[in-house]
Visitor: 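This is the structure I want to talk about, given as structure tokens.
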Amino acid sequence: MRNSKAILVTPKHFEIKEAPVPEPGPREVLIKVSYVGMCGSDIHGFEFGPFIPPKDPTQEIGLGHEVSGEVVKVGSEVTKLKPGDHVLVEPGVPEGSCEYCRTGRYNICPDVDFMATQPNYRGALCQYMTHPEAWVYPVPESMDMVEAALVEPAAVGMHAAILGGASLGSHIVILGCGTIGLMTLQACRSLGATDITVVDVIPSKLELARKLGAKETINGKEVDTVAYLRSPERFGDHGVDLVFECGGSGFLAQQAVQMVARGGRIMMVGTQSKPVPIDFLKINREVTIQTSFRYCNDYPRTIEAIVSGTFNVRDMVTNIYDYRDVQRAFTDAIDPEKKVDMVKGVVKVAGTPGCE
């Protein structure tokens, strides 16, 4: 077996480098990588470098954490998986003994070892990788390997929808319909919600939102979103029960404040990389602002939702690239013209030239 990994040498520049095939520890499995989804955080890291740069400037930086593959070797204490199993990975490995882990909130463990970020910046854009068996899931027979790689971002949407309390009867607005917005849309629907409005400025993404179950879509370039949603034809003075900010936009966060109902909830799902001014006078009627971070115990439910057909991740894939074209894949993702119609990019590793 030969291994290689894509390393971010400088912002906007990958190099594929030869690497040793890692040896699985006693409770780890060795995985031959099949597909890796291109997360927004990976794309940001490619363009600007990691959100949190490594302390050591010589630290190699890998990207990618949405991954599916095949087990090729297992450690001596592995009991549930075997070579030949198709698997998908939950990329965060919590420390396990802190108060957050002990109380079941391992997603906010301060010492979590999360792929493509600190402490080791180990990315999934490689041919072979190891991962603890406890954070590896078998792929159901009816799920293909592209879908398996997209369980991770789907779980982000599922966690946000559950945390927000989405349910039948909820009046929901989702601001931003990139990958996470569309995942949140489908997660809300899987929990029974039907009155879901999605807002974006890209027509092709709004069209996909309608296909995936949005009751209504709004083009924010053409419509004053807040004025429309506050009109008598929609929610009037009452406002919106549940608003998801999924674009990581300060402008959208401020719109959320203007449209939310008294006693309503704003779910901050997108990553706000800069401070956002909030007019608290507009929401001092017991509005809840809740942040959502990754996922926690959400993989089984998310896998079941995809297998059942409730959750359609396959139609979100607009671009598939070979592993050797990883530089082009991420360059396309930041290109002002090409990224417009890219909803979800995926890198195919196993079976591409040089990765047989």
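Values below: all heavy atoms of this structure, side chains included; hydrogens, waters and symmetry mates excluded.
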Visitor: Going by atom types only, do Asp341 and Ser204 share a side-chain donor-acceptor pair under 3.5 Å?
Guide: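 Side-chain D/A pair, Asp341 to Ser204: present.
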Visitor: Just wondering, are more than 12 heavy atoms of other shown residues or ligands nearer than 6.0 Å to CD in Glu304?
Guide: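 No.
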Visitor: Taking only distance into account, with no hydrogens and no angle test, what donor-acceptor pairs under 3.5 Å do side-chain atoms of residues 101-110 form with protein atoms, sequence neighbours excluded?
Guide:
| from | atom 1 | to | atom 2 | distance (Å) |
| --- | --- | --- | --- | --- |
| Arg102 | NH1 | Ser97 | O | 2.5 |
| Thr103 | OG1 | Glu99 | O | 2.8 |
| Thr103 | OG1 | Tyr100 | O | 3.2 |
| Tyr106 | OH | Glu90 | OE2 | 2.8 |
| Tyr106 | OH | Asn297 | N | 2.8 |
| Asn107 | ND2 | Phe293 | O | 2.8 |

Visitor: Holding to salt bridge (charged side-chain N to carboxylate O under 4.0 Å, His left out), I want the full list of residues that pass it with Glu60, two or more places apart in sequence or in another chain.
Guide: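 So Glu60 forms a salt bridge (charged side-chain N to carboxylate O under 4.0 Å, His left out) with Lys5.
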Visitor: If I take atom NE2 from residue His131 and atom CG from residue Leu30, how far apart are they, to the nearest 0.5 angstrom?
Guide: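 If I round to the nearest 0.5 Å, the distance is 13.0 Å.
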Visitor: On a heavy-atom basis, which atom in Pro119 and which in Asp113 lie closest, and how many Å separate them?
Guide: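 Heavy-atom minimum between the residues: CD-OD1, 3.6 Å.
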Visitor: Kindly compute the distance separating CE (Met316) from CE (Met183), expressed to the nearest 0.5 Å.
Guide: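 CE of Met183 is found 4.0 Å from CE of Met316.
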Visitor: Does Asp85 have any salt bridge (charged side-chain N to carboxylate O under 4.0 Å, His left out) partners at least two apart in sequence or in another chain, and if so, which?
Guide: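 Asp85 satisfies salt bridge (charged side-chain N to carboxylate O under 4.0 Å, His left out) with Lys82 once adjacent residues are dropped.
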Visitor: Under 3.5 Å, is there a donor-acceptor pair between the side chain of Gln59 and the main chain of Asn120?
Guide: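 Yes.
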Visitor: Looking at every non-hydrogen atom in both residues, tell me the closest pair between Gly181 and Cys246 and how far apart they are.
Guide: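 Heavy atoms only, the tightest pair is CA-CB, 3.7 Å.
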Visitor: Is any side-chain heavy atom of Leu88 closer than 4.5 Å to one of Val67?
Guide: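 No, every pair of side-chain atoms sits at 4.5 Å or beyond.
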Visitor: Walk me through whether Arg314 and Asp144 qualify under salt bridge (charged side-chain N to carboxylate O under 4.0 Å, His left out).
Guide: CA-CA 9 Å; Arg314 200 61 174 82; Asp144 69 36; 3.1 Å; yes
Visitor: If we only count heavy atoms from C-beta on, is the Phe51 to His44 side-chain gap below 4.5 Å?
Guide: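 The answer is yes; the side chains approach within 4.5 Å.
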Visitor: Is it the case that Glu245 and Gln255 place a side-chain donor and acceptor less than 3.5 Å from each other?
Guide: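 Distance-only check fails for Glu245 and Gln255.
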Visitor: Run the numbers on Met143 and Ile303 for side-chain contact (heavy atoms from CB on, under 4.5 Å), then give the verdict.
Guide: CA-CA 9 Å; Met143 178 184 287; Ile303 292 169; 4.0 Å; yes
Visitor: What distance separates Thr179 OG1 from Met342 CE, expressed to the nearest 0.5 Å?
Guide: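 Here the rounded value is 10.0 Å.
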Visitor: With a 4.5 Å heavy-atom cut-off, do Ile180 and Cys39 have their side chains touching?
Guide: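 The answer is no; the side chains never approach within 4.5 Å.
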Visitor: With side chains defined as the heavy atoms from C-beta onward, is the minimum distance between Leu185 and Cys177 less than 4.5 Å?
Guide: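 Counting from C-beta outward, Leu185 and Cys177 never come under 4.5 Å.
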Visitor: Using distance alone, with no hydrogens and no angle criterion, decide if Asp200 and Asn219 have a side-chain donor and acceptor under 3.5 Å apart.
Guide: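 The criterion, which ignores hydrogens and geometry beyond distance, is not satisfied for Asn219 and Asp200.
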Visitor: Any carboxylate oxygen within less than 4.0 angstrom of a Lys/Arg side-chain nitrogen, looking at Arg27 and Glu133?
Guide: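 No, Arg27 and Glu133 are not salt-bridged.
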Visitor: So with a 6.0 Å cut-off around CD of Glu77, is the heavy-atom count from everything else above 12?
Guide: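 More than 12 within 6.0 Å, yes.
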Visitor: Distance check, rounded to the nearest 0.5 Å: Thr217 atom OG1 versus Glu207 atom CD?
Guide: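 Going from OG1 on Thr217 over to CD on Glu207, the span is 9.5 Å.
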Visitor: With distance as the sole test, does Gln186 use its side chain to make a donor-acceptor pair with the main-chain N or O of Asn312 at under 3.5 Å?
Guide: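 Side chain of Gln186 to backbone of Asn312, a donor-acceptor pair under 3.5 Å: yes, one is there.
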Visitor: Any donor-acceptor pair under 3.5 Å linking the side chain of Asp335 with the backbone of Asp332?
Guide: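 Checking the backbone N and O of Asp332 against the side chain of Asp335, no donor-acceptor pair under 3.5 Å is found.
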Visitor: Please round to the nearest 0.5 Å and tell me the distance separating atom CG of Asp315 and atom CG of Leu182.
Guide: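 The CG atom of Leu182 is 11.0 Å from CG of Asp315, to the nearest 0.5 Å.
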Visitor: What heavy-atom pair brings Val347 and Ala329 nearest, and what distance separates the two atoms?
Guide: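 Of all heavy-atom pairs spanning Val347 and Ala329, the closest is CG2-CB, 4.5 Å.
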Visitor: Compare all side-chain heavy atoms of Thr197 with those of Arg234 and state whether any distance is below 4.5 angstrom.
Guide: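 Yes. Closest side-chain heavy atoms under 4.5 Å.
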Visitor: Hey, are the side chains of Cys126 and Val33 touching, using non-hydrogen atoms and a 4.5 Å cut-off?
Guide: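 Answer yes - side chains close enough.
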Visitor: Sequence neighbours excluded, which residues qualify as side-chain contact (heavy atoms from CB on, under 4.5 Å) partners of Lys215?
Guide: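 Lys215: side-chain contact (heavy atoms from CB on, under 4.5 Å) contacts with Asp195.
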Visitor: Do Ser4 and Glu18 have side-chain N/O donor and acceptor atoms under 3.5 Å apart?
Guide: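 No, Glu18 and Ser4 have no side-chain donor paired with an acceptor closer than 3.5 Å.
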Visitor: Do Thr288 and Arg265 get their side chains close enough for a donor-acceptor pair, meaning under 3.5 Å?
Guide: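 No, no side-chain donor-acceptor pair sits under 3.5 Å.
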Visitor: I'd like to know if the side chain of Asp298 reaches the main chain of Pro300, judged simply by a donor and an acceptor atom lying under 3.5 Å from each other, with no hydrogens or angles considered.
Guide: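 A pair under 3.5 Å: no.
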Visitor: How far apart are the C-alpha atoms of Val89 and Trp135, what are their side-chain angles, what is the distance that settles it, and do they pass the side-chain contact (heavy atoms from CB on, under 4.5 Å) test?
Guide: CA-CA 6 Å; Val89 167; Trp135 302 99; 5.9 Å; no
Visitor: Running the 4.5 Å side-chain criterion over Ile, Leu, Val, Met, Phe, Trp and Tyr, what cluster does Leu168 land in, apart from itself?
Guide: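 Joined to Leu168, directly or through intermediates: none.
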Visitor: In terms of hydrophobic clusters joined by side-chain contacts under 4.5 Å, are Met129 and Val139 together?
Guide: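 No: no chain of side-chain contacts under 4.5 Å links Met129 to Val139.
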Visitor: Do His65 and Ser41 come close enough that some side-chain heavy atom pair is under 4.5 Å?
Guide: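 Yes, at least one pair of side-chain atoms sits under 4.5 Å.
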Visitor: Going by atom types only, do Glu152 and Tyr295 share a side-chain donor-acceptor pair under 3.5 Å?
Guide: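 Side chains of Glu152 and Tyr295: pair found under 3.5 Å.
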Visitor: Can you list the steps and then say if Met267 with Leu242 is a side-chain contact (heavy atoms from CB on, under 4.5 Å)?
Guide: CA-CA 7 Å; Met267 291 297 304; Leu242 178 55; 3.9 Å; yes
Visitor: Do Ser167 and Leu191 have side chains that approach each other closer than 4.5 Å (heavy atoms only, starting at C-beta)?
Guide: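 Ser167 does not reach Leu191 side chain to side chain.
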Visitor: Minimum heavy-atom separation for Gly64 and Asp42, please, with both atom names.
Guide: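 For Gly64 versus Asp42, the nearest heavy atoms are N-OD1, 3.1 Å.
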Visitor: Flag the pair Lys73 and Glu23 as a salt bridge only when some basic side-chain nitrogen lies within less than 4.0 angstrom of an acidic carboxylate oxygen.
Guide: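 The answer is yes: the pair qualifies as a salt bridge.
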Visitor: Is the cationic atom of Arg294 (NZ for Lys, CZ for Arg) positioned less than 6.0 Å from the six-membered ring centroid of Phe114 and within 45 degrees of its normal?
Guide: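 Checked: cation-pi criterion met.
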Visitor: Would you find a donor on one side and an acceptor on the other, under 3.5 Å apart, between the side chain of Asp111 and the backbone of Glu95?
Guide: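 No; judged by distance alone, with no hydrogens or angles, the pair does not exist.
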Visitor: Can you check whether Met145's main-chain N or O pairs, donor with acceptor, with Ser68's side chain at less than 3.5 Å?
Guide: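 Flag set: sc Ser68 to bb Met145 pair under 3.5 Å.
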Visitor: Would you name the heavy atoms of Val326 and Ala6 that are closest together and state the gap between them?
Guide: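 So the minimum-distance heavy-atom pair works out to CG1-CB, 4.2 Å.
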Visitor: Given side-chain contact (heavy atoms from CB on, under 4.5 Å), test Ile202 with Leu206 step by step and report yes or no.
Guide: CA-CA 6 Å; Ile202 299 175; Leu206 293 171; over 6 Å; no
Visitor: With distance as the sole test, does Lys344 use its side chain to make a donor-acceptor pair with the main-chain N or O of Met38 at under 3.5 Å?
Guide: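 Checked: pair present.
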Visitor: Tell me whether the count of non-hydrogen atoms from other residues, nucleotides or ligands lying under 6.0 Å of CG in Asp237 goes above 12.
Guide: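 No, because the 6.0 Å sphere around CG of Asp237 holds 12 heavy atoms or fewer from other groups.
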Visitor: Identify the heavy atoms of Leu8 and Gly45 that sit nearest to each other, and give their distance.
Guide: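 In terms of heavy atoms, the two residues are closest at CD2-O, 3.3 Å.
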Visitor: With a 6.0 Å cut-off on the ring centroids, do Phe14 and Phe46 count as close?
Guide: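 So the answer is yes for these two rings.
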Visitor: Examine the side chains of Ser190 and Arg301 and answer whether a donor and an acceptor come within less than 3.5 Å of each other.
Guide: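 No, no side-chain donor-acceptor pair sits under 3.5 Å.
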Visitor: When you group the ILVMFWY residues by side-chain heavy-atom contacts below 4.5 Å and let the links chain together, are Val29 and Val72 in the same group?
Guide: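 No, Val72 does not connect to Val29 through the hydrophobic network.
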Visitor: Would you compute the distance between atom CD of Gln127 and atom CD1 of Ile31 and round it to the nearest 0.5 angstrom?
Guide: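 Reported to 0.5 Å precision, the distance equals 14.5 Å.
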Visitor: Linking directly or through intermediates, with side-chain heavy atoms under 4.5 Å: list the remaining ILVMFWY members grouped with Met268, chain and number order.
Guide: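 Met268 shares its hydrophobic cluster with Val173, Leu175, Val199, Ile218, Val223, Val226, Tyr228, Leu229, Phe235, Val240, Val243, Phe251, Leu252, Val257, Met259, Val260, Ile266, Val276, Ile278, Phe280, Ile283, Val287, Ile289.
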